Amino acid sequence: MTRYRLAIFDFDGTLADTIDWFRTSFHDAIARFDLKPVTPEELEGMRGLSAREIMARLGVSMWQLPAIVNDMRKRKLAAASETSLFAGIPEMLTDLQRFGIKTAIVSSDSEASVRQVLGPATALIARFDCGAAVFGKHWKFRRVARILETKPAHTICIGDEIRDIEAAKAAGMDSGAVAWGYAIPAALQAAGPTYLFNSIEEITQSLAAAK
């Protein structure tokens with residue numbers, strides 16, 4: 001039997017293809033909140049930075065952060081009808097369920113937005129814990145595992161940012177980093193994830209084989 005009983009997923013950039021939306025919304029947020037401007041080239045370079053390094057580059061203070069996150073959350077909900085899952089995500093979630101691995105989503109998005117994008121695949125998710133703070137995911141990881149009666153040692157957290165890896169470690173859980181999201185693979189690998197997934201198929205294969 002596989003070692004993992006629970007896989008907790010991030011949403012944007014991990015299950016949902018939102019990179020192009022993010023690029024556009026990022027520049028809108030910079031103008032709206034009077035942050036330090038960046039060129040398109042600089043924005044791409046920031047994909048190798050941690051969340052705290054990005055905040056420092058943009059001049060974002062901790063007191064500004066909740067307003068910025070809330071604004072992005074509203075924008076994301078408005079764009080949900082135009083957002084799609086990466087190809088192969090419903091099949092991957094179905095396979096994990098077949099292997100006896102529960103799946104959950106912890107995201108800074110609103111649950112309404114996540115459910116709308118997931119569509120029929122919503123039925124494959126055992127638990128949603130949305131509205132996560134930028135630096136508070138580890139508390140939600142622990143809460144989801146507790147509610148779903150799963151030990152940290154039997155849980156893996158999968159996302160596309162350095163902070164997802166850091167949060168999994170803080171929660172005492174394994175981590176999986178996906179190479180197709182926001183952060184570049186080299187930056188993710190340097191953060192020391194348990195797995196670096198280069199394709200959606202690798203998630204299914206690795207979790208099914210883990211002992």
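Remember, it's a predicted structure, so these values are computed and weren't measured experimentally.
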**Request:** Determine, stepwise, if the pair K137 / D164 fulfils side chain to side chain contact (heavy atoms under 4.5 Å, CB included).
**Result:** CA-CA 8 Å; K137 272 192 166 184; D164 294 317; 2.7 Å; yes
Please output the side-chain donor-acceptor pairs of residues 86-96 that fall under 3.5 Å, not counting sequence neighbours, one pair per line with the distance.
residue, atom, partner, partner atom, Å
T94, OG1, P90, O, 2.8
D95, OD1, R98, NH2, 3.1

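- Looking at N70, its side chain never comes within 3.5 Å of a backbone N or O of P66 through a donor-acceptor pair.
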Donor-acceptor pairs are to be reported for all side-chain atoms of residues 111-124 against protein atoms at under 3.5 Å, with residues two or more places apart or in another chain.
residue, atom, partner, partner atom, Å
E111, OE2, R115, NE, 2.7
E111, OE2, R115, NH2, 3.1
T122, OG1, R115, O, 3.4
T122, OG1, G119, O, 2.8

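- Put simply, the side chain of T150 never gets that close to the backbone of R146: no donor and acceptor are under 3.5 Å apart.
- In this structure, E53 contributes its side chain and S50 its backbone to a donor-acceptor pair below 3.5 Å.
- The side chain to side chain donor-acceptor pair (under 3.5 Å) test applied to S25 returns W21, not counting sequence neighbours.
- Applying the side-chain contact (heavy atoms from CB on, under 4.5 Å) rule to R142 yields the partners H138, W139, A171; only residues at least two apart in sequence or on another chain are considered.
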Solution key, residues 188-198 side-chain donor-acceptor pairs under 3.5 Å, sequence neighbours excluded:
residue, atom, partner, partner atom, Å
T194, OG1, S175, N, 3.0
T194, OG1, S175, O, 3.4

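- The CG atom of D10 sits 10.5 Å away from the SG atom of C157 when rounded to the nearest 0.5 Å.
- Evaluation of the ring pair (Phe, Tyr, Trp, His ring centres under 6.0 Å) rule for F26 yields F22 as partners, not counting sequence neighbours.
- In the hydrophobic clustering (ILVMFWY side chains linked at under 4.5 Å, chained through shared members), I8 is joined by L6, V106, F141, V144, L148, M173.
- Between atom NZ of residue K76 and atom CG of residue D12 there is a gap of 4.0 Å, rounded to the nearest 0.5 Å.
- Counting only residues at least two apart or on different chains, no ring pair (Phe, Tyr, Trp, His ring centres under 6.0 Å) pair has a member in residues 42-74.
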**Message:** Could you walk me through whether Y4 and D174 satisfy the side chain to side chain contact (heavy atoms under 4.5 Å, CB included) test, starting with their C-alpha distance in whole Å, then the side-chain angles of each, then the deciding distance to 0.1 Å, before giving a yes or no?
**Reply:** CA-CA 10 Å; Y4 297 115; D174 282 359; 2.5 Å; yes
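- Once rounded to the nearest 0.5 Å, the distance linking OG1 of T103 with CD1 of I158 reads 10.0 Å.
- Residues satisfying the side-chain contact (heavy atoms from CB on, under 4.5 Å) test with K169, not counting sequence neighbours, are I165.
- Side-chain atoms of R5 come within 3.5 Å of backbone N or O of R3 as a donor-acceptor pair.
- Considering only residues two or more places apart in sequence or on other chains, K102 meets the salt bridge (Lys or Arg N to Asp or Glu O under 4.0 Å) condition with none of them.
- Residues that satisfy the side-chain contact (heavy atoms from CB on, under 4.5 Å) test with T24, not counting sequence neighbours, are D28.
- Using a 4.0 Å cut-off between charged side-chain N and carboxylate O, R23 and E44 make a salt bridge.
- Applying the side-chain contact (heavy atoms from CB on, under 4.5 Å) test to Q64 and every residue at least two apart in sequence or in another chain returns L35, V60, S61, I68.
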